[in-house]
Amino acid sequence: FSPSDVTVLFVLGGPGAGKGTQCANLVKDFSFTHLSAGDLLRAEQDRPGSQYGQLIKDCIKNGEIVPMEVTVALLENAMKDTITSKSQKKARFLIDGFPRKMDQAFKFEEVVCPARLVLFYDCPEETMEKRLLERGKTSGRADDNAESIRKRFRVFIETSMPVVNHYEKEGRVIKVDSTPSPEEVYKDTREKLIKKLGE
Ligand code: UP5
Ligand code: MG
């Protein structure tokens, strides 16, 4: 596909900030396709015959970032599949939980397409930890436990926040406080997004 036919929004925020929850809301109201990098990695991990299964499993459990070649290829393929399955050639994507590291941001924007905007969900660690521990009771996610959560928080601060700060300097960030209820967070998201996209 041609970069001019796609609009990409990166959706960033700490572990448990509510990225997935808000993307699901946005898909209902706007014509976006939601691609979660974490979900794509978890699906690849479970795909029989995948050469990356063990690598992904180890990274996720330890809250470490999977080598970007793997993630960028999964995202690009998912974007291609979406465009092929749609009749129109233009498409809009919410890329959730990616890029988590500066080199991933540069690589994606170089080989796939530049991101129009970044939605950044800002939430205190204490709140995120509570949410993740609660979800961990039923989620079955290998990283929803106290030890993995601690590691995910550290990687987020050290490695992923610089990505947010980079886009912030470029004036491409919409920052939303994701501490309130999902409904309130969505209302704020929607208003800010419409204003910025001019729709
Ligand atoms: N919840 C949500 N919003 C709430 C609200 N406003 N009030 C109260 N509760 C709220 O929400 C988390 C939980 O909180 C849910 O139970 C929800 O109901 C509740 P969710 O919407 O799932 O938050 P999200 O930000 O999506 O949290 P997630 O756990 O998915 O974030 P992570 O960024 O940690 O997970 P992700 O799947 O993106 O990545 C997992 C791992 O994959 C990474 O640690 C890394 O190892 C690997 N990865 C890469 O290597 N590269 C990538 O590019 C991406 C991932
Ligand atoms: Mg998520």
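Both ligands and their constituent atoms are indexed starting at 1 by order of listing. Keep in mind it's a predicted model, so treat the numbers as computed, not measured. Along the sequence shown, residues are numbered consecutively beginning with 1.
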Numbered in order shown, the ligand 1 atoms found under 4.0 Å of a heavy atom of Gly14 are 25 (O)

When clusters are formed by joining ILVMFWY residues with side-chain heavy atoms under 4.5 Å apart, either directly or through shared neighbours, do Val118 and Tyr186 land in the same one? no

One finds that the ligand 1 atoms under 4.0 Å from a non-hydrogen atom of Gly20 are 21 (O), 24 (P), 26 (O)

Within the 4.0 Å heavy-atom cut-off, what Ser181 brings close to ligand 1 is backbone

- Message: So for ligand 1, is Asp143 a polar contact partner (N or O within less than 3.5 Å, distance only)?
- Response: no

Looking only at heavy atoms, the pair that brings Lys89 and Ile83 closest together is O-CG2, 4.1 Å

Near Val66 (heavy-atom distance under 4.0 Å), the atoms of ligand 1 are 49 (C), 50 (O)

With nothing but distance in play, are any N or O atoms of Leu132 less than 3.5 Å from an N or O of ligand 1? no

The atoms of ligand 1 lying under 4.0 Å from a heavy atom of Cys59, numbered in the order shown, are 46 (O)

Minimal heavy-atom distance between Ala37 and Thr71, with the atoms involved, is CB-CG2, 4.0 Å

Between Asp144 and Gly136 the two heavy atoms that sit nearest each other are CB-CA, 3.6 Å

For Gly16, the ligand 1 atoms with a heavy-atom partner under 4.0 Å come out as 12 (C), 23 (O), 24 (P), 25 (O), 27 (O), 28 (P), 29 (O), 31 (O)

For atom 45 (C) of ligand 1, the closest protein heavy atom turns out to be Glu64 O, 3.4 Å

Check: of Glu134, Arg131, Arg100, min heavy-atom distance to atom 44 (O) of ligand 1 comes from Arg100

Under 4.0 Å between heavy atoms, the region of Arg42 that gets near ligand 1 turns out to be side chain

Closest to atom 36 (P) of ligand 1 (heavy atoms only, candidates Arg152, Arg141, Lys19) is Arg141

* So, does Thr127 use its side chain to make a donor-acceptor pair with the main chain of Thr179 at under 3.5 Å? -> no

request  = Would you check whether Gln104 has a nitrogen or oxygen atom less than 3.5 angstrom from a nitrogen or oxygen atom of ligand 1?
outcome  = no

**Asked** What do the steps show when you test Ser148 against Arg141 for side chain to side chain contact (heavy atoms under 4.5 Å, CB included), and what is the final call?
**Response** CA-CA 10 Å; Ser148 296; Arg141 266 180 61 161; over 6 Å; no

### Check: Phe108 ring centroid to Phe10 ring centroid under 6.0 Å
yes

- Does the pair Glu191/Lys187 count as a salt bridge with the N-to-O cut at 4.0 Å? yes

For atom 29 (O) of ligand 1, the closest protein heavy atom turns out to be Arg135 NH2, 2.8 Å

Q: Mark the output for Pro180 as yes if a heavy-atom distance to ligand 1 is under 4.0 Å, and as no if none is.
A: yes

For ligand 1, is there an atom lying under 4.0 Å from some heavy atom of Ala17? yes

Closest heavy-atom pair, Phe1 versus Glu76, reported as atoms and distance to 0.1 Å, is CE2-O, 4.2 Å

Nearest non-hydrogen protein atom to atom 23 (O) of ligand 1, with distance, is Gly18 N, 3.1 Å

Item checked: Glu126 atom CD: more than 12 heavy-atom contacts under 6.0 Å -> no

In terms of its nearest heavy atom to atom 48 (N) of ligand 1, the top option of Leu40, Leu41, Thr21, Ile60 is Leu41

Q. Is it the case that more than 12 heavy atoms not belonging to Lys151 sit under 6.0 Å from its NZ atom?
A. yes

Ile65 heavy atoms within 4.0 Å reach ligand 1 at atoms 50 (O)

Correct closest heavy-atom pair for Asn145 and Ala142 would be ND2-O, 2.9 Å

With heavy atoms and a 4.0 Å threshold, my read on which part of Ser36 contacts ligand 1 is neither

Short version for Pro182: what comes under 4.0 Å of ligand 1, heavy atoms counted, is both

TODO: Check whether any side-chain heavy atom of Met79 lies under 4.5 Å from a side-chain heavy atom of Ile95, and answer yes or no.
DONE: yes

So the atoms of ligand 1 within less than 4.0 Å of a heavy atom of Pro15 turn out to be 31 (O), 32 (P), 34 (O)

Enclosure of Lys192 NZ (heavy-atom neighbours >12, cutoff 6.0 Å)
yes

So the atoms of ligand 1 within less than 4.0 Å of a heavy atom of Gly97 turn out to be 52 (C), 53 (O), 54 (C)

Subject >> Nitrogen or oxygen atoms of Ala37 and ligand 1 under 3.5 Å apart >> reply: no

